[in-house]
Amino acid sequence: MPTYSVNSTTAVPVSSAANDLCIQINKGVLWGLWVYAIVAILIISLFEKRRYKPEICFGRPGLPLPINFLDGTSNSIANAAAFGCTLQHIVSLLFFTEFKVDNWMYSLVLFLFSFIVALSFYPVFACLNSPSRVFGSLVGFLYTLLLTLMMFARSYYCTNKNWYWAIYAVTLISEIYIMILFTYRFFTAIFKKHNEVLVKIDQIQHVKELLVKPKSHTDTNDIRQKFVSYSETVLTEAKLCCLHKSLYRCTTRTLAINTIVLLVFFYNVIVTFAVGEEFVRFLTATLVSNISPKTNLYQHITVFLDVINVSLIIGNILSAVYLITNMVLIYRSQRDHLVKRWRGDKSFIPTQCKLNHSEILVKSLMYAGNQVSYLLGGYLLSQIVIVVFCIFLAYCVILPIIKKVPSVFLYPVEVFLPGVLFMFGLQFLLRFISGRIFLQNHFVSRQSGTDMEKVLALDNRRVYQNLSFFLFFYYILTGLYRCTYRVLTSMFISLFYIARMDKPLLVSGFEQFDIGYMTYLGFLEVELQHCHPVVVVSCDLMLKSANALSTKQETSLESPSSENNKRELSNMYTHRIRNKWQKMMTLVSNSNLCKYSKTNNSFEQQISLKVV
């Protein structure tokens with residue numbers, strides 16, 4: 001059997017009794033919390049209806065729902081707060097627990113341990129999404145209160161460093177918000193009945209907007225008008241993302257991913273500056289204290305410590321910009337790709353990227369966790385690269401110029417920079433000469449259609465051949481510059497896109513080997529099949545019609561279907577419904593006939609009256 005030892009993130013307390021109590025609290029958080037979680041899950045499951053054999057025990061107990069990633073924006077802020085409430089406990093358990101096991105068993109133990117950690121905080125999410133708002137809120141409040149008491153016990157009995165309280169503050173704010181939300185739901189559930197619906201208001205509104213004649217957009221060349229239009233678009237997107245309840249708002253999955261990433265970023269910034277300050281203090285005490293301030297070694301060490309400190313600050317600032325920029329770009333890309341898939345557009349997907357249905361489901365399960373890892377991995381890698389580049393820039397450019405280090409450090413820049421500048425200058429000169437000497441004086445329109453350019457027909461061919469001969473040997477020698485430039489450019493672009501799963505990093509034709517991009521395509525396909533607003537609205541209308549005409553129990557998407565139900569539902573499809581469906585398909589295939597359709601005209605009049 002493998003053995004485990006829990007390493008606390010705290011320093012050693014003064015007294016042995018406090019030390020033993022701190023260890024007991026940490027072990028209780030690790031091994032005792034999942035016992036309370038199982039009890040809470042059993043209580044919640046008693047209020048869940050079972051879909052399988054519902055006639056036994058009145059359909060109870062059922063399987064609780066921890067978080068619904070396929071339900072748009074329902075409980076999105078509450079689920080994000082739940083991640084904020086539990087993330088500090090999860091990080092301390094996952095990253096500060098030492099496993100003394102054989103290397104061959106490490107992956108299995110890590111999987112089992114992550115399962116126990118997820119089980120320990122399962123009730124918080126399950127109570128937020130429980131159909132029984134009274135008992136779900138009561139159990140969730142008590143369980144969140146237990147987490148809060150454990151956090152206070154650890155912070156009180158274990159000796160913490162000052163910067164730990166910044167981490168505890170985020171957890172405490174999230175726990176207070178969750179408890180207030182549970183209290184509000186508990187009292188409102190007593191006086192107000194909550195009905196679970198299949199279709200959301202934003203989905204119905206989206207389908208209505210599809211049936212309205214779209215507005216015509218005219219392109220303009222006015223720079224001021226373009227700037228105003230782009231500003232209005234950005235403002236509208238910001239409102240849709242944060243305020244309006246629409247399909248383009250941040251979904252539960254997106255908000256949960258961004259919350260976890262931002263919290264880990266916050267923890268990393270605090271730890272980086274705190275540990276960096278302790279590291280600088282340690283180096284100062286061990287290296288500089290025994291050296292005379294008048295020596296060159298003392299000055300070099302002092303300069304090095306200052307460079308490290310400034311590089312860490314710049315690295316954290318720029319990596320934060322990198323992280324937030326990627327979050328915004330991922331959100332916009334997902335939204336655009338989903339809208340294209342809703343329209344049946346697959347032009348952005350490479351033809352060789354094909355997955356079967358089982359692989360699609362597996363990729364969809366991977367997506368949320370992998371996106372968090374990709375964002376954090378890209379953030380940490382960018383931070384390291386920025387810090388290294390800042391140190392290189394300081395020692396190879398800035399410090400030699402201000403005479404803080406010997407001028408020999410400027411040698412790499414003196415060698416490479418003039419060659420690069422001359423190479424680009426020669427390229428500009430050749431472009432200038434080619435346009436006036438080697439091209440015939442005949443003009444054609446550019447491919448963009450904006451202006452005219454000379455036709456691609458050589459003039460003075462002997463001069464061109466001679467120049468090509470002499471430049472052949474020069475570009476052999478300078479090819480190393482271009483090769484290095486190409487590699488650095490590819491690395492920079494790959495570094496920027498490494499956090500994005502919606503963009504393939506491999507060259508065209510090899511996208512199927514990019515596991516991140518294939519995971520994104522699997523997630524996109526599941527979203528298309530199960531969250532398409534037109535499909536959801538159509539299913540809702542058919543279920544309402546079936547329940548209105550059927551004398552049996554209420555029908556839902558998850559209700560077991562029998563032959564009698566199929567026969568009963570098939571009898572509801574009359575000739576009138578089939579004729580309406582054929583008329584709709586005719587109008588979709590022939591958009592010019594829409595203005596002559598009485599149904600469409602009356603619908604547009606109703607929409608216009610509602611808008612007015």
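One-based numbering along the sequence shown.
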Could you check whether any side-chain N or O of [X] sits under 3.5 Å from a backbone N or O of [Y], counting only pairs where one atom can act as donor and the other as acceptor?
{"X": "S333", "Y": "I330", "value": "no"}
{"X": "S494", "Y": "S490", "value": "yes"}
{"X": "D514", "Y": "F510", "value": "no"}
{"X": "S364", "Y": "I360", "value": "no"}
{"X": "R185", "Y": "L128", "value": "yes"}
{"X": "N316", "Y": "L312", "value": "yes"}
{"X": "H530", "Y": "V526", "value": "yes"}
{"X": "Y122", "Y": "P64", "value": "yes"}

- Message: Would I43 and F135 count as a side chain to side chain contact (heavy atoms under 4.5 Å, CB included) here? Give the steps.
- Response: CA-CA 9 Å; I43 297 175; F135 293 96; 5.9 Å; no
So do the side chains of [X] and [Y] get within less than 4.5 Å of each other, counting heavy atoms only?
{"X": "L506", "Y": "E511", "result": "no"}
{"X": "I44", "Y": "C127", "result": "yes"}
{"X": "H532", "Y": "V536", "result": "no"}
{"X": "L495", "Y": "M491", "result": "no"}
{"X": "Q371", "Y": "L375", "result": "yes"}
{"X": "F266", "Y": "V170", "result": "yes"}
{"X": "F389", "Y": "S311", "result": "no"}
{"X": "L338", "Y": "L528", "result": "no"}

- Query: Going by the angle between their ring planes, with limits at 30° and 60°, are F348 and H337 parallel, tilted or perpendicular?
  - Reply: parallel
- Kindly determine whether Y497 and L505 satisfy side chain to side chain contact (heavy atoms under 4.5 Å, CB included), including the steps that lead there. CA-CA 7 Å; Y497 282 106; L505 293 181; 3.5 Å; yes
How close do [X] and [Y] get, heavy atom to heavy atom, and via which atoms?
{"X": "A81", "Y": "Y177", "value": "CB-CD2, 3.4 Å"}
{"X": "N356", "Y": "E359", "value": "OD1-N, 2.8 Å"}
{"X": "Y379", "Y": "S319", "value": "CE1-OG, 3.2 Å"}
{"X": "C353", "Y": "L521", "value": "CB-CD1, 3.6 Å"}
{"X": "A499", "Y": "G378", "value": "CB-CA, 4.4 Å"}
{"X": "C85", "Y": "T144", "value": "SG-CG2, 4.2 Å"}

- Query: Does atom CD1 of I515 have more than 12 heavy-atom neighbours, drawn from other residues, nucleotides or ligands, at distances under 6.0 Å?
  - Reply: no
Using 0.5 Å steps for rounding, measure from the [atom1] atom of [X] to the [atom2] atom of [Y].
{"X": "I349", "Y": "K340", "atom1": "CD1", "atom2": "NZ", "answer": "10.0 Å"}
{"X": "N370", "Y": "L365", "atom1": "CG", "atom2": "CG", "answer": "10.5 Å"}
{"X": "I314", "Y": "I386", "atom1": "CD1", "atom2": "CD1", "answer": "9.5 Å"}
{"X": "T183", "Y": "I178", "atom1": "OG1", "atom2": "CD1", "answer": "11.0 Å"}
{"X": "L318", "Y": "L323", "atom1": "CG", "atom2": "CG", "answer": "12.5 Å"}
{"X": "F265", "Y": "T272", "atom1": "CZ", "atom2": "OG1", "answer": "9.0 Å"}

- Query: What about Y367 and F523, are their ring centers closer than 6.0 Å?
  - Reply: yes
- Task: Ignoring hydrogens and angles, state whether a donor on the side chain of D502 or Q334 is under 3.5 Å from an acceptor on the partner side chain.
- Result: no
- Could R341 and E525 be called an ion pair, given the rule that one side-chain N must be under 4.0 Å from one carboxylate O? yes
- Query: Which residues pass the ring-ring contact (aromatic ring centres under 6.0 Å, His included) test with Y143, sequence neighbours left out?
  - Reply: none
- Query: Going through the distances and angles, do F496 and L329 end up as a side chain to side chain contact (heavy atoms under 4.5 Å, CB included)?
  - Reply: CA-CA 11 Å; F496 183 79; L329 293 177; 4.0 Å; yes
- Query: side chain to side chain contact (heavy atoms under 4.5 Å, CB included) between F125 and N79: does it pass, once the steps are laid out?
  - Reply: CA-CA 7 Å; F125 298 93; N79 288 316; 4.1 Å; yes
